[in-house]
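Just so it is clear, the model here is predicted, and its values are computed rather than measured. Just so it is clear: chains get the letters A, B, ... in the order the sequence lines come, proteins before strands, and each one is counted from 1.
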Amino acid sequence: GKWSLAIHGGAGVIDRGDLTPEKEALYRQGLNEALAVGQAVLARGGAAVDAVEATVKVLEDNPLFNAGRGAVFAADGKNYLDASIMDGATLKAGAVASLTTTKHPVSAARAVMDKSRHVLLTGQGADQFAAEQGLEQVDPSYFRTEARWEAYLKWKASQGLSGVDDTHKYG
Amino acid sequence: TVGAVALDQDGHLAAATSTGGLTGKMWGRIGDSPLIGSGTIAIDGQCAVSGTGTGEYFIRQNAGRQVCDRVHWNDEGIQSAADATMAEVGRIGGDGGLISMDKDGKVAFALNVSGMYRGSVSSETVAKTAIY
């Protein structure tokens, strides 16, 4: 049977000069690892919704990408994680926002879709729901990486300086 | 932000997105990633989408739903729908990209920035990745 999978690991201004060949290889390796996991699900006849969850979990585990471990820091110096999932077959959907302790946010979104009558849960209640569903909980420090922390400090230092584009700060 | 869209052997579509948001985002800020219809959508027979970028603009353009509506209501191809939607995101000041897939598993990437980490594989194509 025919199946197909596409993924992304974020978009932005990525200058070729900023990405060393070694770093580029790591990004491509991370993408290929995620594709392989999703491919395995789909090739054996698994459901698309299982494939996207499994694929995104791999990306969440990879500290190169801004999700799960390796997530960026908010203004208060903490990591807040958001995720969602939708099953096109049933139009069922689930989402979570501002998680701080659930290791795989996409699985929390899946749990909201499959095991609650809601679509979107946020904050402490979302983490509590995920824990009650048996999803792995971690200390918030699990999500921290040095590169993201340095980016946060750089952002913080830039506040109040003239010429700083605060579009992303306020949206 | 990361995301995936897929078509399975039974012809069903799905989409998922996960993110840490934006560096320095203010407390309580929520972008498009957890909003069904903006950052994530999947509708059998139409399309599946996952977006990444400045979420507020993807929300205002209802980006995911817009791609599907362009396909479903306007009979646009998936690449045309993805490009037009990103153009609308860009028109109001947003940047980023999205991945999309039509009912037959055809993949379309669209972005208005210099790069998006992305990849695809299917029963008919080998795995490939791209950045720029």
Minimal heavy-atom distance between A:L91 and B:A42, with the atoms involved, is CD2-O, 3.8 Å
Any chance CD of A:E33 has more than 12 other-residue heavy atoms, nucleotides or ligands included, within less than 6.0 Å?
-> yes
Hydrophobic cluster membership, A:I7 vs B:L7, 4.5 Å side-chain cutoff | no
So how far is it from B:I131 CD1 to A:L31 CG, rounded to the nearest 0.5 Å?
-> 7.0 Å
Contact part of B:D104 toward chain A, heavy-atom cut-off under 4.5 Å: side chain, backbone, both or neither?
-> both
Report the distance from atom OG1 of B:T17 to atom CG of A:L59, rounding to the nearest 0.5 Å.
-> 11.0 Å
Whether A:S4 side chain and B:G105 backbone form a donor-acceptor pair below 3.5 Å = yes
So which bits of residues 63-87 of chain A come within less than 4.5 Å of chain B, counting non-hydrogen atoms only?
-> A:F65, A:N66, A:A67, A:A71, A:V72, A:F73, A:A74, A:A75, A:Y80, A:L81, A:D82, A:A83, A:S84, A:I85, A:M86, A:D87
Part of B:V5 lying under 4.5 Å from any heavy atom of chain A | both
Counting heavy-atom pairs under 4.5 Å with chain B, the top scorer among A:V96, A:V49, A:V56, A:T90 is A:V56
Applying the 4.5 Å side-chain criterion to the ILVMFWY set and letting contacts propagate, would B:M86 and B:V71 be lumped into a single cluster?
-> yes
Heavy-atom pairs under 4.5 Å with chain A are the metric here; pick the option from B:G97, B:A15, B:G11 that has the most.
-> B:A15
With respect to chain B, which residue among A:Y152, A:Y27, A:F143 yields the maximal number of heavy-atom pairs within a distance under 4.5 Å?
-> A:Y27
Considering only heavy atoms and a distance below 4.5 Å, find which of A:A89, A:A43, A:G88 pairs most often with chain B.
-> A:G88
Of B:H12, B:M116, B:K106, the largest count of non-hydrogen pairs under 4.5 angstrom with chain A goes to B:M116
Could you check which of B:I36, B:I43, B:L35, B:T19 has the highest count of heavy-atom pairs closer than 4.5 Å to chain A?
-> B:T19
Sidechain-backbone polar pair: B:Q9 side chain, A:G46 backbone, donor-acceptor under 3.5 Å = no
Gap between atom CG of A:L35 and atom OG of B:S120 - 0.5 Å precision = 7.0 Å
Return the option, out of B:S114, B:A48, B:A127, with the maximum number of heavy-atom pairs under 4.5 Å with chain A.
-> B:S114
What pair of heavy atoms forms the shortest contact from B:Y132 to A:I14, and how long is it?
-> CE2-O, 3.3 Å
What one should report as the nearest heavy-atom pair of A:L5 and B:A6 is CD1-CB, 4.0 Å
So OG1 of B:T129 and CD of A:E24: to nearest 0.5 Å the spacing works out to 8.0 Å
Donor-acceptor pair, side chain of B:S123 and main chain of A:W3, under 3.5 angstrom = yes
Specify which of A:G45, A:G1, A:A93, A:G12 makes the most heavy-atom pairs with chain B at under 4.5 Å.
-> A:G12
Contact class of A:V119 relative to chain B, heavy atoms under 4.5 angstrom | side chain
Can you pull out the residues in residues 99-118 of chain A with any heavy atom less than 4.5 Å from chain B?
-> A:P105, A:V106
Contact origin within B:I41 toward chain A - heavy atom pairs under 4.5 Å | both
Within the distance-only criterion (no hydrogens, no angle test), does the side chain of B:D8 pair as donor or acceptor with the backbone N or O of A:A47 below 3.5 angstrom?
-> no
Shortest non-hydrogen contact from B:A14 toward A:V52 = O-CG1, 3.7 Å
Can you tell which of B:I30, B:V121, B:L13, B:I99 has the highest number of heavy-atom pairs within less than 4.5 Å of chain A?
-> B:V121
B:T1 side, atom OG1; A:H8 side, atom NE2 - distance, nearest 0.5 Å = 6.5 Å
Consider only side-chain heavy atoms of I, L, V, M, F, W and Y, link residues closer than 4.5 Å, and tell whether B:L98 and B:V107 are in one cluster.
-> no
Flag yes if B:I92 and B:I59 sit in one hydrophobic cluster, no otherwise; membership is Ile, Leu, Val, Met, Phe, Trp, Tyr, and two members link when side-chain heavy atoms are under 4.5 Å apart.
-> no
Is atom NZ of A:K2 surrounded by more than 12 heavy atoms (other residues, nucleotides or ligands) closer than 6.0 Å?
-> yes
